[in-house]
Chemist: 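What follows is a single structure, and I will ask about it in a moment.
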Amino acid sequence: MRFSKMFIPTLREAPADAEAISHILMLRAGYVRQLAAGLYIFLPLGWRVLNKIDAILKEEMESIGAQEISMPILHPAEIWQQTGRWDMIGGEMFRLKDRTDRDFCLGMTHEEIMTWLASREIRSYRDLPQVWYQIQTKLRDEARPKSGILRTREFIMKDSYSFDADDAGLDKNYELHAEAYHRIFSRCGLRFMQVESDPGMMGGGYSHEFMAPSPAGEDEIALCDHCGYSANVELALSTPLASETPDWPCEEVHTPDKRTVKEVSNFMKLQPSNFLKSILVISEQGPVLALVRGDQELHEKKLAKVIGSHRPAQKIEVKEILGVEAGFIGPVGREIRMIADHSLKQGAFVSGANKQHYHIKGIRAEKDFTAEWHDIHIAKAGDLCSSCSTPLRVERVIEIGNIFKLGTKYSSALKAVFLDENGQEKPIIMGSYGIGPARIAAAAIEQNFDKDGIIWPKSIAPFDVELIPLNMNDPKTVETAEALYRELRLEKIDVLMDDREERAGVKFKDADLIGIPTQIVLGEKTLKEGLVEIKDRKTKEMVKVKVEEVIAHLKATP
RNA sequence: CGGGGCGUAGCGCAGUUUGGUAGCGCGCACGGUUCGGGACCGUGAGGUCGGAGGUUCAAAUCCUCUCGCCCCGACCA
């Protein structure tokens with residue numbers, strides 16, 4: 001492509017409402033434009049990147065036997081009603097009616113529709129397994145679109161679905177996808193890891209996420225460098241370091257107006273880990289007291305797995321239900337249902353005394369209070385790995401892909417069944433597997449940039465090479481550039497030639513911003529010696545090469 | 001959905017406190033000089049001051065309502 005003909009609107013200054021690096025750079029380098037909150041236009045450069053990623057996705061999907069199809073994004077409500085998700089999902093689903101008042105929604109994902117297809121077409125175990133995939137638009141009315149392209153309301157996803165006759169088949173397809181995903185993200189030049197994850201609204205029991213470390217990410221994962229344990233902090237298990245607990249006698253302490261763990265621990269000159277924190281929540285079955293150690297945070301999702309959905313109690317409710325002001329509540333002498341974190345099992349702690357302006361010191365599990373024991377704290381850096389007791393690291397990450405074992409949740413609901421070898425009717429066993437190409441692109445930028453702009457991994461760069469003839473008024477420069485341009489294209493090397501009548505400085509700045517991995521600079525003086533400069537965008541290293549040897553040189557440096 | 005911030009030329013911003021009829025830098029167009037890291041000089045185009053209503057002789061500026069965008073949190077296949 002010729003730069004002069006291609007629409008690449010670069011910006012010297014970043015629009016004020018962009019914050020994430022990938023967002024700023026994609027805007028500045030002319031890859032995307034924002035239409036509205038969470039809606040992005042991909043400009044020619046941006047679309048080329050997505051196409052490169054898609055090509056890798058297709059290759060790797062085909063390599064594990066997945067077959068590409070394409071599904072509508074407008075879905076009749078009935079199918080979503082049959083699986084229950086029409087009612088389960090709230091405002092995140094775009095809903096609409098057709099002219100005859102029939103309910104529809106815009107697809108957030110395609111489990112329902114894929115399963116519907118399977119239910120109509122698959123009869124026998126002989127038809128299985130099947131793996132179908134598509135690269136298709138999804139729509140979700142996100143509560144909070146953010147970080148440019150990272151969290152949008154409309155986005156493209158590669159989603160695949162496996163259909164098997166038995167669990168072994170599902171395990172196989174799950175494993176094949178995990179392997180394909182490793183190849184995909186490696187080929188895209190990302191640093192990433194596979195972690196255990198919470199299946200969430202997908203249902204089913206078993207899932208992993210693929211995470212690319214980046215400060216721009218929205219998720220956090222806990223990692224053990226020793227045994228390799230890694231999980232989203234949403235479900236990561238950990239053992240908080242044991243706290244030093246002197247063998248206090250049980251006694252009340254006057255703590256006037258000291259309510260928070262911080263206030264009381266400063267007042268009593270103790271560590272937060274010497275405290276027992278009591279949090280009142282309201283569940284559907286009534287109030288529940290959640291107990292965690294003072295230096296830990298309550299994990300609402302973990303708690304929800306024990307007591308179901310719940311909300312924190314308001315200050316007035318605490319007073320009404322427990323008869324004492326928040327800040328002085330504790331487990332001692334309470335009849336209420338209590339869920340306590342494992343870290344409180346051993347040792348003596350300080351908690352609220354259930355008496356205004358008093359705390360109680362030296363309370364012990366089982367002796368002074370009883371509770372149901374669960375892991376309900378948020379894993380944090382420094383906690384010990386629950387399997388090998390090594391301190392955990394916590395890292396911020398971008399979710400770039402996920403894989404789920406769905407089981408029969410959707411096939412049962414939609415009657416996607418087959419007859420097995422014995423003529424028995426059984427629900428198909430399913431898995432679903434997603435990758436967000438735009439997130440791959442954003443993560444690649446977040447992981448590869450410098451002060452001058454983007455540094456694309458070669459595999460997903462919009463072009464392989466940028467040809468930069470500096471002086472378009474010099475016939476020799478233009479002639480050589482045109483010749484090289486032709487030659488590169490004959491060699492199937494994607495080349496962008498900056499043939500604009502611009503000053504050298506502008507071309508250099510734009511080239512660095514856009515981030516094509518290799519730059520070939522044609523300067524008037526070096527050209528007189530028959531040389532051009534080949535420059536690496538990432539390392540800034542430059543070598544002078546004879547014009548005739550450019551192709552050979554490019555081929556020699558992968 | 002809760003909290004905070006911001007809407008003035010294509011982009012970045014000033015002007016709003018104290019009401020007097022809109023300005024700077026970049027970009028854009030034209031002419032000239034320049035030409036290996038976002039050139040310089042000159043001329044010029046471009047604005048419903050997010051929108052609606054109100055107060056006032058007069059509103060970008062004050063009041064009310066409303067829309068949009070960003071950030072934090074809640075939420076999140």
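On a predicted model such as this, the values are computed, not experimentally measured, just so you know. Throughout, a chain's letter reflects where its sequence line sits, starting with A, and its residues are numbered from 1.
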Chemist: Applying side-chain hydrogen bond (donor to acceptor under 3.5 Å, both in side chains), can you list everything that pairs with A/W86, at least two apart in sequence or on another chain?
Modeler: none
Chemist: A/L35 or A/Y433: which one's nearest nucleotide on RNA chain B is closer to the 5' end?
Modeler: A/L35
Chemist: Among the candidates B/C11, B/C71, B/C75, find the nucleotide nearest to the side-chain atoms of A/E13.
Modeler: B/C11
Chemist: Is there a side chain to side chain contact (heavy atoms under 4.5 Å, CB included) between A/D164 and A/Y174? Walk through the geometry before answering.
Modeler: CA-CA 11 Å; A/D164 279 285; A/Y174 191 84; over 6 Å; no
Chemist: Taking only residues two or more places apart in sequence or in another chain, which ones pass ring-ring contact (aromatic ring centres under 6.0 Å, His included) with A/F463?
Modeler: none
Chemist: Which residues pass the side-chain hydrogen bond (donor to acceptor under 3.5 Å, both in side chains) test with A/D499, sequence neighbours left out?
Modeler: A/S4
Chemist: If you take any heavy atom closer than 4.0 Å to RNA chain B, which residues from residues 14-22 of chain A end up in contact?
Modeler: A/A14, A/P15, A/A16, A/D17, A/E19
Chemist: Tell me whether the centres of the aromatic rings in A/F185 and A/F210 are closer together than 6.0 Å.
Modeler: yes
Chemist: What does nucleotides 31-42 of chain B look like as a protein-contact string, B for base, S for sugar-phosphate only, - for none, at under 4.0 angstrom between heavy atoms?
Modeler: ---BSBBBB---
Chemist: Who are the side-chain hydrogen bond (donor to acceptor under 3.5 Å, both in side chains) partners of A/D341, not counting sequence neighbours?
Modeler: A/S343, A/H377
Chemist: Could you state the CZ-P distance from A/R144 to B/C69, rounded to the nearest angstrom?
Modeler: 13 Å
Chemist: Write down the distance separating the C1' atoms in B/A52 and B/G7, rounded off to the nearest Å.
Modeler: 16 Å
